There are 2 protein chains.
Amino acid sequence: MPAASGLTPLQRRAAREIIALVRREDRPAGHHLSKLALARVVGTSHNPVEGALAHLARIGVARHEKDRGYFLARDARLLGSDARKLSPADDDPLYRRILDLRLGRRLPDTLSETALIRKLGAARAPVRRALARIQQEGWIERRAGNGWAFLPLIDSVEAYEDNYEMRRIVEPAGLLGPKFALVPEEFETLRRQQHRMANGGYRTMTAVEWVDINATFHETLARWSGNRLMHQTIRHINRLRKLLERRVVAGDPGLRARQAAEHLEILDAIGRGDRKKAAALMEKHLVRARRDKARPDHFTVGRR
Amino acid sequence: MPAASGLTPLQRRAAREIIALVRREDRPAGHHLSKLALARVVGTSHNPVEGALAHLARIGVARHEKDRGYFLARDARLLGSDARKLSPADDDPLYRRILDLRLGRRLPDTLSETALIRKLGAARAPVRRALARIQQEGWIERRAGNGWAFLPLIDSVEAYEDNYEMRRIVEPAGLLGPKFALVPEEFETLRRQQHRMANGGYRTMTAVEWVDINATFHETLARWSGNRLMHQTIRHINRLRKLLERRVVAGDPGLRARQAAEHLEILDAIGRGDRKKAAALMEKHLVRARRDKARPDHFTVGRR
DNA sequence: TATTGCATAATCTTCATAAAAAATGCAATC
DNA sequence: GATTGCATTTTTTATGAAGATTATGCAATA
């Protein structure tokens, strides 16, 4: 049973982002959820946000008052299980199925679109949509004439190592780039986030939130490099990494706290203007993170 | 008037690759063009290759003998103008128009698919195909709800600088990676190619061929790194670079020869197993290449 | 024994239209 | 003066069938 049936994908996404936002900012019960402000955050018109808010009211996350709008029903930090229920993993079932099939070695390296449609028992258009997303993520490509070919980017320990090696090469270099410039208010936001995490905030966090905060940290620094191609590349690498870590065990709490501490050190160095130090710390951080995670048993195949 | 009307895109592509192949290998008149072997090279079935060969016979590049197949009509090195006529630039007219419009600042940063369809006066399906390609190349992305947003990756001097900076960071690191291993026969092929180019071979080459040989050189080295993500990333960066260099002047012959000489130096260092030296040479090479090309006047906007 | 040339089968693209979803506008309300 | 709630407009997605293209098989031939 889907966690939030009856919603359009965009409404689900809006609902997810609303919860993520209030949790990031640790809003208390009673906080006003302004339709227009939220629409700006989500990047859509206010229409789908209305649907999302209505859903949040149905599941008891928000209260509705006629002509006044929606308000948070409980403190945001108590909404962990709701955040989990709306997790992006369920977003596009077809995408999920293809990913699971592929990771489970149940799809050949190359196959025609029609063959995939038969296998999934789905219509062409949605299958194509899922394929487009996968192509965008970079682990499938069209073959010259017909059909598609999976690329070996997500389904092996090696891919995992490759991913970390790329990060180790690119991210420290980004900190040293000629156009690097931090954005003060983003700097403060990152520091606050990582600080909270280092001091036990991870206990109320879902796994997805943890991963997202991590990704945001690294992607923000990449953006500060002033090199847009580098930012895009890091985003791409991170997306792939999320797929690779899909089956990785939750990660013990000590790990989370230590990572946050390392992130804070890097931020401090950047804040002092000591980019060389920051780059060195970043490299060490990435080497250590790889060692902590890249173990063969994480690549066992299973359902869920 | 299109250079090769009546051909399907795949047939055009096959024709192009056949000519590129025989020119790369400098085949003489009379060389047999085997349908099956060519199909393997192009990556399709032999059907579209047949169409391509028929076309090559029509335009006088190949001769046909009943039940014996097709044969090269002239020495491959004399086919420069034919190679130019089949150049990939004409492949998807819609893609070209969007690119031109965007580079000419005639498309807003964000617009709906329908608006684009109206502007181009084309049907939805082909527009969507072109957009998918652009999305793949990374300079457009879907917005949350509706529409598309252009990313600033192809339309400024800065993007050009960013591109070279990324190459400078990634490519030398690739040569130093832990899994680096050259492929002997590819090594010889690269050496032969670059040697020919350094010794005046560039005179019979089209601009597109020059760019392709360059790209092949760098992408092959990236592949040798053993890091598939790195290889993919370099390929992506190169594709963007081709767009950026679209309007760059043809490049004086001396430049071509010098670049080839630098490529040969790098290959020599790799061949000796001196990867540190190779990486240093690569970095110098990229810095120099950037200096030679990144001049503002290349970003003048014009038709064709 | 491998390759060609052609026939047949499978796959993909296009296109028009209906239905779903998102964007937008604005009077009523706080 | 800003925000909500709802009506209207615009955009996108789904669908299915015809036509185009590509894949495949194989007898005839070099």
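Lettering of chains follows the sequences in order, A, B, ..., and the numbering in each one begins at 1. The model shown is predicted, which means the values in this text are computed figures rather than measured ones.
Within 4.0 Å (heavy atoms only), A:G51 reaches no atom of the nucleic acid at all. Residue contacts shown for B:L33 are limited to sugar-phosphate atoms, with no base heavy atom under 4.0 Å away. Among the protein residues, B:A123 comes within range of the sugar-phosphate backbone only, with heavy atoms under 4.0 Å from sugar or phosphate atoms but none that close to a base.
Atoms CG (A:L36) and C1' (D:dC6) sit 14 Å apart, rounded to a whole Å. Between the C1' atom of C:dA20 and the CD atom of B:E113 lies a distance of 16 Å, rounded to the nearest Å. Distance A:R40 CZ to C:dA23 P: 15 Å, rounded to the nearest Å. The interatomic distance linking B:I117 (CD1) with C:dC15 (C1') rounds to 12 Å, in whole Å. In this structure, A:L38 places its CG atom 11 Å from P of D:dT3, rounding to the nearest Å. Between the CG atom of A:D92 and the P atom of D:dT13 there is a distance of 12 Å, rounded to whole Å. Put simply, CZ on B:R118 is 16 Å from P on D:dT9, counting in whole angstrom units. Between A:H32 atom NE2 and D:dA2 atom C1' the separation is 10 Å, expressed in whole Å.
The side chain of B:R129 lies closest to C:dT14, out of C:dT14, C:dT3, C:dC12. Closest to the side chain of A:S112, out of C:dT11, D:dT12, C:dT14, is C:dT11. If you check C:dT11, C:dT4, D:dA14 against the side chain of A:T114, the one that comes closest is C:dT11.
One finds no salt bridge joining A:D82 and A:R16 here, because no Lys/Arg side-chain nitrogen approaches an Asp/Glu carboxylate oxygen to under 4.0 Å. Remark: A:K242 does not engage A:E137 in a salt bridge, criterion side-chain N to carboxylate O under 4.0 Å. Salt-bridge formation is detected for the pair B:R63/B:E65: a Lys NZ or Arg NE/NH1/NH2 atom is positioned less than 4.0 Å from an Asp or Glu carboxylate oxygen. Using a 4.0 Å cut-off between a side-chain N of Lys or Arg and a carboxylate O of Asp or Glu, A:E188 and A:R192 do not qualify as a salt bridge. Salt-bridge formation is detected for the pair A:E186/A:R223: a Lys NZ or Arg NE/NH1/NH2 atom is positioned less than 4.0 Å from an Asp or Glu carboxylate oxygen. Ion pairing between a basic and an acidic side chain is recognised when a charged N comes within 4.0 Å of a carboxylate O; B:D92 and B:R96 show no such pairing.
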Can you give one letter per nucleotide of nucleotides 22-30 of chain D, going 5' to 3': B for a protein heavy atom under 4.0 Å from the base, S for sugar-phosphate only, - for none?
BBBB---SS
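Residues A:W148 and B:H64 each lie close to DNA chain C; by heavy-atom proximity, the contact nearer the 5' end of the strand is made by B:H64. Judged by closest nucleotide on DNA chain D, A:S34 is the one of A:S34 and A:R124 placed further toward the 5' end.
In this model, a donor atom of one side chain and an acceptor atom of the other lie less than 3.5 Å apart for A:N238 and A:R241.
The shortest distance between the side-chain N/O atoms of A:R128 and the OP1/OP2 oxygens of C:dT11 is not below 4.0 Å.
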